[in-house]
Amino acid sequence: MTHRDSRTPLYGIAVAAQLVDLPEATLRLFESKGLLLPARSEGGTRRYSDDDIDRLRRAAQLRDDGLNIVGIARVLELQDENADLRESLADGPASASDGPTSPPA
């Protein structure tokens, strides 16, 4: 069985709304405020990936915790940055050739 890429856009807005238990209007609002950017089909239909679904769930939880849209955007940005840093650390230290070099003698 092949592993599906979590960034592959699969779900229309109705299915995505059901998966995250939010009204479609909330998904549109989150998009309009820049909290996520779903892919679009050739006809312009929104298509959400598994990563988008995860981001929507995180945004909804933050909203339920009392954060406003600006706060949600900032927390999501920091979470993404944290994940990127953790991924960089998991890749291991840079090789010696990637570091600074001494000037030729």
Side-chain angles (χ1 to χ4, degrees):
M1 185 171 168
T2 60
H3 177 69
R4 183 177 73 213
D5 186 344
S6 63
R7 297 171 296 180
T8 302
L10 300 170
Y11 313 106
I13 192 167
V15 173
Q18 285 181 327
L19 288 172
V20 296
D21 196 26
L22 291 172
E24 292 177 27
T26 301
L27 275 62
R28 289 186 198 98
L29 171 70
F30 284 177
E31 179 184 357
S32 73
K33 298 300 181 179
L35 300 183
L36 79 155
L37 184 60
R40 298 280 182 153
S41 69
E42 288 184 23
T45 303
R46 291 173 178 86
R47 291 286 176 212
Y48 296 85
S49 67
D50 289 328
D51 286 351
D52 292 330
I53 298 299
D54 176 62
R55 188 172 185 84
L56 285 166
R57 286 185 177 129
R58 290 186 289 140
Q61 182 60 55
L62 292 167
R63 187 191 62 178
D64 292 347
D65 289 344
L67 273 72
N68 63 20
I69 295 289
V70 173
I72 293 169
R74 183 65 178 137
V75 169
L76 291 175
E77 178 185 321
L78 290 169
Q79 288 176 340
D80 292 344
E81 185 178 316
N82 188 342
D84 290 345
L85 289 170
R86 288 178 183 273
E87 187 176 318
S88 293
L89 287 173
D91 289 343
S95 68
S97 63
D98 290 343
T101 58
S102 350

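Just so you know, these numbers come straight off a predicted model, no measurement behind them. We're numbering straight along the sequence, starting at 1. Keep in mind that the numbers below use all heavy atoms, side chains included, and drop hydrogens, waters and symmetry copies.
- Under the salt bridge (Lys or Arg N to Asp or Glu O under 4.0 Å) criterion, R57 pairs with no residue, sequence neighbours left out.
- Residues Y48 and V15 fail the side-chain proximity criterion, which asks for heavy atoms closer than 4.5 Å.
- Salt bridge present: E77 and R74 bring a charged side-chain N and a carboxylate O closer than 4.0 Å.
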Requested in this report: Verify side-chain contact (heavy atoms from CB on, under 4.5 Å) between L76 and L62, making sure each step is shown before the conclusion.
Outcome: CA-CA 9 Å; L76 291 175; L62 292 167; 4.2 Å; yes
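- No side-chain heavy atom of V70 sits less than 4.5 Å from a side-chain heavy atom of K33.
- Scored by the salt bridge (Lys or Arg N to Asp or Glu O under 4.0 Å) test, D5 finds R7 as partners (sequence neighbours excluded).
- Under a 4.0 Å N-O distance rule, the pair D80/R55 qualifies as a salt bridge.
- Side-chain contact annotation: S88 with D91, donor-acceptor N/O pair under 3.5 Å absent.
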Query raised in the report: Going through the distances and angles, do N68 and I72 end up as a side-chain contact (heavy atoms from CB on, under 4.5 Å)?
Result: CA-CA 6 Å; N68 63 20; I72 293 169; over 6 Å; no
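- Taking 4.5 Å as the limit, some side-chain heavy atom of L27 sits within range of a side-chain heavy atom of V20.
- Using a 4.5 Å cut-off on side-chain heavy atoms (C-beta onward), T8 and S49 make no contact.
- Without hydrogens or angle criteria, N82 side chain to Q79 main chain gives no donor-acceptor distance under 3.5 Å.
- Partners of D54 under the salt bridge (Lys or Arg N to Asp or Glu O under 4.0 Å) rule, at least two apart in sequence or in another chain, are R58.
- Using a 4.5 Å heavy-atom cutoff, the side chains of D65 and Q61 are in contact.
- Take D84 and apply the side-chain hydrogen bond (donor to acceptor under 3.5 Å, both in side chains) test, not counting sequence neighbours, and it matches no residue.
- Legend: residues meeting side chain to side chain contact (heavy atoms under 4.5 Å, CB included) with A60, ordered by chain and number and at least two apart, are L22.
- When the salt bridge (Lys or Arg N to Asp or Glu O under 4.0 Å) test is applied to R4, the partners found at least two apart in sequence or on another chain are D50.
- Summarising the geometry of P23 relative to A17, their closest heavy-atom pair is C-CB, 4.3 Å, with the distance given to 0.1 Å.
- Electrostatic pairing of E42 and R47 does not count as a salt bridge here, judged by no charged N lying under 4.0 Å from a carboxylate O.
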